[in-house]
Student: 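Before I ask anything, here is the structure I am working with.
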Amino acid sequence: MSGSYGASGPAACHFAHYFVICGIDTESGLESDELAALYQWLEADRQGKDPGAAATGENFEQSPLKRTFKSKVLAHYPENVEWNPFDQDAVNMLCMPKGLSFRTQADQRLPQFHSFIITKEDGSRTYGFVHTFYEEVTSPQICSAMQTLYQMHNAEHATPQPTSSSSSSSSMDSLASSLDEADPSSSSASFSSPAVGGYDLSRDTLYVTKALCLITPMPFMHACRQFLSQLHRAVTVVPAPPLPLESYVYNILYEVPLPAPGRTLKFHGVFEPIVCQRPGLGELQLADFPLSEAFSLLGVENLVQVFTCTLLEMQILLFSQDYQRLMTVAEGITTLLFPFQWQHVYVPILPASLFHFLDAPVPYLMGLQSKEDTDCSKLELPQEANLCFVDIDNRYIELPEDFPQFPNKTEFIQELSEVLLSFGISSNMGAPPRTHRSPVSNPCTLSRERKAMALQQLEDDGRNGNLAGEELAVLELLQGNTTLERLQALTKRTGVTVACVDALRARVKSQLTDKPGAQTVAEDEELRNAKLNVQLREVFASRFITMFADYEAFVIQSAPDLETWLTNREQMHNFDKASFLSDQPEPYLPFLSHFIETQMFATFIDNKIMSQWEEKEPLLRVFDARIDKAHLYNVRAPSLRSSSYQRCSVLKESALAIEQRLMKVDHTAIHPHLLDMKIGQGKYEQGFFPKLQADVLNTGTANNKWFQRTATTQRKQDQHRQQTAHLSLDNNLKERYMQEARSLGKNLRQPKLSDLSPAVIAQTNWKFVEGLLKECRMKTKRMLVEKMGHEAVELGHGEANITGLEENTLIASLCDLLERIWSHGLQVKQGKSALWSHLLLYQAREEKAEQQSHAESPTPHVAERRKSDCCLSMPGLCVTLIQDMRHIQSMSEIKTDVGRARAWIRLSLEKKLLSQHLKRLLSQQALTKNLYKRYAFLRCEEEKEQFLFHLLSLNAVDYFCFTSVFTTIMIPYRVVIIPIKKLSNAMTTSNPWVCVSGELGDSGIMQIPKNVLEMTFDSALRPHTHISCQNLGKLTTVQLGHDNAGLLAKWLVDCVMVRNEITGHTYRFPCGRWLGKGVDDGSLERVLIGELVVPCGEEDPRRGCYTPPLQRSPSQIRRISITSMSGRGSKPNSAQIQEAVGEAVSNIIKHFHKPEKERGSLTVLLCGENSLVAALEQFFHHGFKSARLFQKTMFIWDFVEKAGASMESADQMGDFQGPLGMTCQSLCHYINAINSTSRSIGKDGKFQLLVCLGTRDYLLPKWLPLLVECPVVQQMYEDTALLRDSSTVSALIRNLETLRDFPITLESSLVKGIDL
């Protein structure tokens, strides 16, 4: 959610908006918490029972002291603030999330402090700070009711009860158990006798919790904590403070202003002054929650990991017994996001009534209070596929799978650890004690404070806490005792605090430091925390400044005005993601490619674009100013792509600014003073916090001129960023933009705490359904537009192409979406992946039905097979959902259900069967009904059909998202060799072999059984060799050959078909050439270039695919078109040949300018249909003299051999000297090496090999002049041949020399057996 602090106006200038008292209403008595009833309603709905009858009856199983009772807002002052209406239900729920808690004199009753946040639908926040303490129950009715409850509880356990009914567990049961009060003294109270534990009216004193709360527009946590603690202490000490409590409350509500930006404010509590400071406009925003505590609780590495999950907008669930720990970690993480802001559901303390939000299929950051000794591993959550679970108390985190690491993580953690160490905090420190205690946490301290207040009362400047002479003597005695001093030092080393001595020492120090400007211990601690906070935040901010130093260059600002931009926001591309990623260091890409797809980054870019028409958003203004400063000092050059770590350079500067501000108080608020109260008002009984005088506290400072002047200044400085100069902009349009266009699939921004009826819950779930459908539509559209590339641009869809990194990110995002859809409304969770659990149940039902059908009918069932255009030569492939599941289950590399689900999605998407498979899965309506609640997305028929239709649209493009990701798996392939039966024998007497190569490796040479044209080989278990081989990736080449044995050795092969038996991808490798001695060019083996076969069946959904076919191997048709003298019109002319050479060279250059992972096969560009070898063949064949003159078929290699022999003899005669001689020797060496190879690759194969080797070693441009000047040219070429045209040859040499800048690597299938 947006982190804005309220709004502008007079009320916004007050330090606090409301003072609230929550507790037990003695008039209404003990009431069971309504949240428990709602909870039972939700559980009954989950189990399919009647919700109306679920919440009836008392829960006698639980001890009354551990039950949940309803708390109420007893009073709040003032009644209402106009711009920030008081939400009574929400405040009551968050002040006492567990309801009322009862204790007796035998239990611990320590005060506790926690804070909370209320986030409105517009993203603005208000903060609550709560001091909770125990107060004696004086109402006879309440005490009597508790006695009755205990009698009923004991009667219920007088006879043994069966325990089987309590053995069942569910996600709701697990979450419910976490609500129980963490009280070790009453852990077995539910089975205790009245004599042990429990409550007896005649024997025990009953206590109940009461809460004091301040609602503020800004998070001044330390100041509010001190004020509430002092206010509570005022009713416990003797004598009472000099002024009524109303004076102090009135002062903070109406007379204490917010500090101005960059200024420090001092105001007075009940006993001591309180100082708070506010950062300036150019500094990081206010963050008063101690980051040192967040780092100590989790550890540096864990916190960085959770921070990364938050940046990637995963679901974050915090888990702790302590509410303040939940708040500290949540606020700490969101504070570190600068300059970005959390845009989704944000509930650091999740009340019981909102547990159904854990079922929300949207990103969230929530905190869940745990029960003491709760085993978090047994906590069943609605969905875990994309969940980051953080057990704060046990310092344990559980991360989602496929989790990219934060850039420079190791160096980043090292710098953070050094900052912590400079403040004396170890990066590996264990979690501190669980309970955050108030200053009156020790009975010994409280007793001495009362004695001190009885002996001496000082009323100057509110410092009432001075030590009496007796206490000073006690402290001197303790300090003079060496044994006690050693014990105290030992306890400090072990992390234990001796509260009595420390409190006495602090108060003595405050007495002795009477000099102006002297610092108290509390002020020293606050200064230390503030300096540490800002330094840690600066380290995080420095990382974003480094990574996004040049982000502005990639922002697309195409709209002429704000209204046009808002209207077309959803269709516009605002950031050039592909160019931005191409400018980043390689190690940053896994993280950045995911991060720039998040809502917080989109909102950041939106704010940047809007800043050209209205005032800059505050965080953006600070971030841009820092980037400008970094550019000024040349921290990062715009063209520099370096992943080297850059440390933060402003740590000392930032800490100094904080120290200077806190050391100098800029403003002092009006002191608390007597109010216009009647005689007798303001009195109260010691130990009991009273209701205050509403008539006094509900009226503001209408006549306070000082405050009016301050408020006017504050209004000018604290204008809310949503106030814009463009007042003519239609408000409805902007609201629609804020609600819809900016929030992709996020209709519900924040849960409402006030209305928790079943109808509202149902409406909330309906919003989830709508949001999921919209998100699916947007994601599939984005995937189509990016994948279709230039064709999409021509259709008006925007950006051109997509990189492999972006494609993988989008597919991973689709996997997350499907997991969230399958998790929504789930009845009973059976695994971490809801989708895979559903698939397993479907598989079990289908296999059971298949077994029954086999038993009833012995006729074998023929599985559905996909048609293809090569069905006469390649048998059909089984395409059932179950078969694809079995493929995934057989992959031993995948260990988790989440991983299997994602692999199955990728496989189905690559096979263009995702929509079809999911439709089949959901066709079992009985299974879906058993698994999902009524409101679940998968049970909304119309939305489900639209969802499947959106997924069906993805069949328009080709994905290799399974093949390219799971590169280590073992895949079976089927190979079919198709001869030309009309012109040769269908079979051969020789021993054929085949070797299949792909982008990831090759299968090795495999012998084909005689007279067998079809074989299936598993690359995991090759025949005879038993050598393991991994996934070959996209197939590129096939080597086909034989040993020329037998009478029928000659073989005319049309093509070779190879199919991946898992993905179904079929490749066709055209040949059209002879293999055999004395025929064609005498080759016994050929290297064939493959093309992916696109099925063209009428019903095949891939028919409309625009993906261009791959290059293929040169065919007999091309050979005839080059060499035939009679083929009129089929021979290319000189211009076409030169153009073909230029295009072939250009394609190779383009290949190397693509990212390495997206280049594809270089072999295709060197040896394919329109390759460099093919173009040079055309060049050398131009003007080649007719075969009739030579009385036999001549090949280019014949010319090369003769030229080589001629040059060898000339070199021996000494005709070549210097560099020319070395070039001549290299050409002859290469020719001889090719001729001496053991491979029978034929004359065309030898010429192809010479071109490839010459290109690889950058020798081809040097060899051409020698070949042109050779006397053999005149014998074998006509005068009009291109090879005899000096200008054409020079142009060819210049073309080939451009390849010198690129590292050309040849496949092993091309250069096998060549010894150079």
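None of these values were measured; they are calculated from a predicted model.
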Student: Heavy-atom distance under 4.5 Å between the side chains of Lys608 and Lys616, does that happen here?
Tutor: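 Sidechains of Lys616 and Lys608: in contact.
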Student: Applying side-chain contact (heavy atoms from CB on, under 4.5 Å), run through Phe116 and Ile215 and close with a yes or a no.
Tutor: CA-CA 9 Å; Phe116 63 83; Ile215 307 292; 3.8 Å; yes
Student: With a 4.5 Å cut-off on side-chain heavy atoms, are Arg537 and Val534 touching?
Tutor: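 Contact flag for Val534/Arg537 side chains = no.
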Student: Could you state the interatomic distance from OG1 (Thr328) to CE (Met221), rounded to the nearest 0.5 Å?
Tutor: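 These two atoms lie 6.5 Å from each other.
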Student: If you measure from CG on Leu297 to CD1 on Ile392, what distance do you get to the nearest 0.5 Å?
Tutor: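 Leu297 atom CG to Ile392 atom CD1 measures 6.5 Å (nearest 0.5 Å).
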Student: If we only count heavy atoms from C-beta on, is the Glu617 to Gln341 side-chain gap below 4.5 Å?
Tutor: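 Glu617 reaches Gln341 side chain to side chain.
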Student: Output yes when Glu538 and Arg626 qualify as a salt bridge under the 4.0 Å nitrogen-oxygen rule, no when they do not.
Tutor: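 The answer is yes: the pair qualifies as a salt bridge.
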Student: Looking at side-chain heavy atoms only, is the closest gap between Thr310 and Leu365 below 4.5 Å?
Tutor: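 Sidechains of Leu365 and Thr310: in contact.
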Student: Quick one: closest heavy-atom pair of Leu286 and Gln277, and the distance?
Tutor: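 Of all heavy-atom pairs spanning Leu286 and Gln277, the closest is CD1-O, 3.9 Å.
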Student: Establish, yes or no, whether a centroid distance under 6.0 Å links the rings of Phe406 and Phe591.
Tutor: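 Ring centroids of Phe406 and Phe591 are less than 6.0 Å from each other.
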Student: Which atoms form the tightest heavy-atom contact between Asp288 and Asn533, and what is the distance?
Tutor: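 Result for this residue pair: C-ND2, 4.3 Å.
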Student: Please name the pair of heavy atoms, one in Gln557 and one in Gln612, separated by the smallest distance, quoted to 0.1 Å.
Tutor: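 Heavy atoms only, the tightest pair is OE1-OE1, 3.6 Å.
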Student: Nearest 0.5 angstrom please: Leu620 CG to Phe340 CZ, how far?
Tutor: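 Result: 10.0 Å between the selected atoms.
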Student: Can you confirm whether Val329 sits close enough to Leu303 that some side-chain heavy atom of one is under 4.5 Å from a side-chain heavy atom of the other?
Tutor: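 With C-beta onward as the side chain, the pair stays apart.
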Student: Working to the nearest 0.5 Å, report the span between CG of Leu312 and OG of Ser813.
Tutor: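 Nearest 0.5 Å value for the CG-OG distance: 11.0 Å.
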Student: Please give me the minimum heavy-atom distance between Arg263 and Arg661, naming the atom from each residue.
Tutor: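 Taking Arg263 first and Arg661 second, the nearest heavy atoms are N-CD, 3.7 Å.
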Student: Would you mind telling me which of Val256, Thr668, Ile274 makes a side chain to side chain contact (heavy atoms under 4.5 Å, CB included) with Leu265?
Tutor: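 The residue from Val256, Thr668, Ile274 that satisfies side chain to side chain contact (heavy atoms under 4.5 Å, CB included) with Leu265 turns out to be Val256.
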Student: Checking side-chain contact (heavy atoms from CB on, under 4.5 Å) for the pair Phe113/Gln324: CA distance, chi angles, key distance, verdict?
Tutor: CA-CA 7 Å; Phe113 173 83; Gln324 187 59 15; 3.9 Å; yes
Student: Report the C-alpha separation of Ile425 and Phe295 in whole Å, then their side-chain angles, then the decisive distance to 0.1 Å, and conclude whether the side-chain contact (heavy atoms from CB on, under 4.5 Å) test is met.
Tutor: CA-CA 9 Å; Ile425 300 174; Phe295 277 93; over 6 Å; no
Student: Working to the nearest 0.5 angstrom, can you tell me the gap between His114 NE2 and Leu326 CG?
Tutor: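 Reported to 0.5 Å precision, the distance equals 10.0 Å.
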Student: With sequence neighbours excluded, tell me which residues meet side-chain hydrogen bond (donor to acceptor under 3.5 Å, both in side chains) with Asp561.
Tutor: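 Partners of Asp561 under the side-chain hydrogen bond (donor to acceptor under 3.5 Å, both in side chains) test: Thr564.
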Student: Please work out whether the ring planes of Phe129 and Tyr127 are parallel, tilted or perpendicular, with thresholds of 30° and 60°.
Tutor: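 Geometry flag for Tyr127 against Phe129: parallel rings.
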Student: Heavy-atom distance under 4.5 Å between the side chains of Met218 and Arg278, does that happen here?
Tutor: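 Contact flag for Met218/Arg278 side chains = yes.
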Student: How are the rings of Phe623 and Tyr551 set to each other: parallel, tilted or perpendicular (split at 30° and 60°)?
Tutor: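 Tilted: the ring planes of Phe623 and Tyr551 meet at 30° to 60°.
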Student: Give, for atom CZ of Phe548 and atom CG of Leu592, the distance between the pair rounded to the nearest 0.5 Å.
Tutor: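 Output value for this atom pair is 5.5 Å.
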Student: For the residue pair Glu415 / Tyr645, report whether a side-chain donor-acceptor contact shorter than 3.5 Å exists.
Tutor: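 A pair is found: one side chain offers a donor N or O, the other an acceptor, under 3.5 Å apart.
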Student: Would you confirm whether Gln315, through its side chain, and Cys388, through its main-chain N or O, come within 3.5 Å as a donor-acceptor pair?
Tutor: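 No, the answer is negative, given that no donor and acceptor are paired below the 3.5 Å cut-off.
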Student: Using the test side-chain hydrogen bond (donor to acceptor under 3.5 Å, both in side chains), find all partners of Asn84 that sit at least two apart in sequence or belong to another chain.
Tutor: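 Expected list: His17, Lys120.
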Student: Could you pull out the closest heavy-atom pair between Leu337 and Phe544, with the gap in Å?
Tutor: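 Taking Leu337 first and Phe544 second, the nearest heavy atoms are O-CE1, 4.0 Å.
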Student: Find out whether Thr308 and Gln405 are in side-chain contact, i.e. whether some heavy atom of one side chain is under 4.5 Å from a heavy atom of the other.
Tutor: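 No - every pair of side-chain heavy atoms lies 4.5 Å or more apart.
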Student: Could you tell me whether the side chains of Gln305 and Glu301 share a donor-acceptor contact shorter than 3.5 Å?
Tutor: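 No, no side-chain donor-acceptor pair sits under 3.5 Å.
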Student: When you check the gap from the basic side-chain N to the acidic O, do Lys629 and Glu653 get nearer than 4.0 Å?
Tutor: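 Result for this pair is yes, salt bridge flagged.
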Student: Angle class for the Phe604/Phe601 ring planes (parallel below 30°, perpendicular above 60°, tilted otherwise)?
Tutor: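 Ring orientation, 0 to 90° scale: tilted.
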Student: For the residue pair Gln226 and Phe220, establish whether any side-chain heavy-atom pair is separated by less than 4.5 Å.
Tutor: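 The answer is no; the side chains never approach within 4.5 Å.
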Student: Of all heavy-atom pairs between Gln535 and Ala655, which one has the smallest distance, and what is that distance?
Tutor: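 So the two residues come closest at NE2-CB, 3.2 Å.
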Student: Which class fits the ring pair Phe267 and Phe227: parallel under 30°, tilted 30 to 60°, perpendicular over 60°?
Tutor: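 Because their plane-to-plane angle lies in the 30° to 60° range, the rings of Phe267 and Phe227 count as tilted.
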Student: How far apart are the C-alpha atoms of Leu651 and Val539, what are their side-chain angles, what is the distance that settles it, and do they pass the side-chain contact (heavy atoms from CB on, under 4.5 Å) test?
Tutor: CA-CA 8 Å; Leu651 294 182; Val539 174; 3.9 Å; yes
